[in-house]
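Structure first, commentary second.
Just follow the structure's listing: the first ligand is 1, and inside any ligand the first atom is 1. Everything numeric in this text was worked out from a predicted model, so none of it was measured.
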Amino acid sequence: MGEPHSREREQPELPPGQRLQRGWPVTHYGPVPRFKPERWDFRVFGATADGEKHSWDHEQFTALPYETVVADLHCVAKFSMLGAEWGGVLARTVLELAPPAPDVTHVMVWAEYGFSSNLRLADFTAEKTVFATHRAGEPLTAEHGFPVRLVVPHLYAWKGPKWVRGIEYMTADRRGFWEERGYHNIGDPWREQRYSYQEEPGDGPEL
Ligand SMILES: Nc1nc2c(c(=O)[nH]1)N[C@H]1C(S)=C(S)[C@@H](COP(=O)(O)O)O[C@H]1N2
Ligand SMILES: [Mo]
C-alpha cells in the first residue's frame, strides 16, 4: 500500500516568485500606533443584517471565542514566512456574531490611521481568515499589529491589516489603501496577482 495520494503534498510550498524568509521582519507603511485600551473598539458597520452598528471594546473582543490557525504569510515584496501559528477570533465568528445583510458581497477591513483593505466576502469567510491577537502563543508585539491584525493566508499579506479597528460590510466592491495605489484588487499569490495592471475585467472596480 502506498501513501494516500495527497494533492497538498504535490503543491509547492511557495507561491511563484516568492522566496523563503527566515525570522519575521516588520513591514508596513507609516508609524506604529500606540494602543490606548480605553479608546479602542472593534466596529462592525455598513450593510449589517439588522441595519445597526456593532462594536466590542477590548475586553469584550478578547473574550470572543479563541481559535488557532497555522498559516503562511506572503508579502508582495517577494518574501514568505511559512507555518506560523496564529491565535485569535476567526473572521467567520465575527460574521456570525454581527451578520451582514443578504446582499453584501465585499468587506472593507479598517485599521488605525485609515489603512484599509477590501476582500471578497468568500475570502473573508475562508476557513483560515483570522483576526489574530497572538502568534506562537504570545500576544502580538506592537510592530506586528497588537492588539489585533487580520491574517488572510491565501492572499498577499497586505490584505491583512495590522492594528485593525473594524469592518465595513459592502454591497459592491471598493478599493482599499494599496488596491488604490497600484496593487491587485484580489491579490492571490498562487496566481501572482501582484499589481493592478494585471487585473482582468471583473477583478475589480475601475481605477
Ligand atoms: N495597518 C497596516 N497593516 C499592514 C500593512 C500596512 O502598511 N499597514 N502592510 C501589510 C504588508 S504589505 C505586510 S507584508 C504585512 C507584514 O506583516 P508583519 O510586519 O507582521 O510581518 O502587514 C500588512 N499589514
Ligand atoms: Mo507586504
Side-chain angles (χ1 to χ4, degrees), residues 13-36 39-44 58 61 68-89 91 94 107-120 123-124 126 128-168 174-198 204:
E13 281 200 309
L14 287 172
Q18 295 293 111
R19 62 188 148 70
L20 186 62
Q21 170 74 45
R22 309 229 173 248
W24 194 17
V26 170
T27 314
H28 59 262
Y29 175 81
V32 174
R34 226 181 83 207
F35 174 57
K36 302 182 192 83
R39 296 192 48 191
W40 190 92
D41 58 5
F42 184 107
R43 299 180 191 196
V44 183
H58 189 242
F61 190 84
T68 58
V69 157
V70 174
D72 305 335
L73 214 63
H74 307 295
C75 176
V76 72
K78 302 202 165 177
F79 59 85
S80 293
M81 282 86 79
L82 300 181
E85 188 206 84
W86 303 94
V89 182
V94 168
V107 178
M108 189 73 80
V109 181
W110 288 100
E112 300 285 358
Y113 302 134
F115 185 86
S116 62
S117 186
N118 58 315
L119 295 168
R120 297 175 294 193
D123 293 319
F124 185 77
K128 289 192 169 187
T129 303
V130 60
F131 289 100
T133 55
H134 291 70
R135 182 183 178 267
E138 298 287 331
L140 294 175
T141 59
E143 306 76 55
H144 288 298
F146 184 83
V148 181
R149 72 167 308 155
L150 187 67
V151 177
V152 190
H154 65 287
L155 299 179
Y156 283 119
W158 87 78
K159 289 284 187 183
K162 304 194 274 193
W163 315 295
V164 173
R165 289 294 301 276
I167 61 168
E168 176 186 357
R174 218 168 70 220
R175 289 173 186 271
F177 183 88
W178 286 121
E179 295 81 4
E180 269 184 340
R181 290 169 176 79
Y183 289 90
H184 198 284
N185 190 56
I186 295 170
D188 180 347
W190 299 95
R191 301 176 65 187
E192 255 198 290
Q193 294 175 329
R194 295 179 191 273
Y195 308 110
S196 51
Y197 65 75
Q198 299 172 291

task: Measure the distances from the heavy atoms of Arg149 to every atom of ligand 1 and state whether one is below 4.0 angstrom.
output: yes

message: For atom 13 (C) of ligand 1, which of the options Ala157, Pro161, Ser80, Ala84 provides the nearest non-hydrogen atom?
response: Ala157

- prompt: Can we call the ring centroids of Tyr156 and Tyr183 under 6.0 Å apart?
  reply: no

- request: Could you tell me the residue and atom name of the protein heavy atom closest to atom 3 (N) of ligand 1, and the distance to it rounded to 0.1 Å?
  value: Lys162 N, 2.8 Å

Sub-6.0 Å ring centroid separation between Phe146 and Phe35: yes

message: Within the 4.0 Å heavy-atom shell around Cys75, which atoms of ligand 1 are there?
response: 14 (S)

query: Do any nitrogen or oxygen atoms of Trp24 lie less than 3.5 angstrom from nitrogen or oxygen atoms of ligand 1?
result: yes

- prompt: Under 3.5 Å, N or O to N or O, is Trp163 touching ligand 1 that way?
  reply: no

statement: heavy-atom search around atom 16 (C) of ligand 1 in the protein gives Thr27 O, 3.3 Å

- request: Could you tell me whether a side-chain N or O of Asn118 sits under 3.5 Å from a main-chain N or O of Met108, the two making a donor and an acceptor?
  value: no

statement: In ligand 1, the atoms that come under 4.0 Å of a heavy atom of Val26 are 19 (O)

field: Cation over ring face, Arg181 and Trp158, 6.0 Å, 45°
entry: no

Any N or O of Gly160 closer than 3.5 Å to N or O of ligand 1: yes

- prompt: Which bit of Ala77 is near ligand 1, meaning a heavy atom under 4.0 Å away: side chain, backbone, both or neither?
  reply: neither

task: Could you tell me whether a side-chain N or O of Arg165 sits under 3.5 Å from a main-chain N or O of Asp41, the two making a donor and an acceptor?
output: yes

field: Nearest-neighbour protein heavy atom for atom 21 (O) of ligand 1, which is reported as residue plus atom name and distance
entry: Pro25 O, 2.9 Å

- prompt: Quick check: does any side chain N or O of Asp72 sit under 3.5 Å from a backbone N or O of Gly83, one acting as donor and the other as acceptor?
  reply: yes

- prompt: What residue and heavy atom of the protein are closest to atom 10 (C) of ligand 1, and at what distance?
  reply: Trp158 CA, 3.6 Å

- prompt: Under 3.5 Å, side chain of Glu179 to main-chain N/O of Ile186, donor-acceptor pair present?
  reply: no

message: Counting only heavy atoms closer than 4.0 Å, does ligand 1 sit against the backbone of Phe115, its side chain, both, or neither?
response: side chain

query: Within the structure, does Tyr29 bring an N/O atom to less than 3.5 angstrom of an N/O atom in ligand 1?
result: yes

field: Tyr113 ring center within less than 6.0 Å of Phe115 ring center
entry: no

- prompt: Under 3.5 Å, is there a donor-acceptor pair between the side chain of Arg149 and the main chain of His144?
  reply: yes

- request: Pick one of side chain, backbone, both or neither for how Glu112 approaches ligand 1, counting any non-hydrogen atom pair under 4.0 Å.
  value: neither

task: Give a yes or no on whether the backbone of Ala142 and the side-chain of Trp163 come within a donor-acceptor separation of less than 3.5 Å.
output: yes

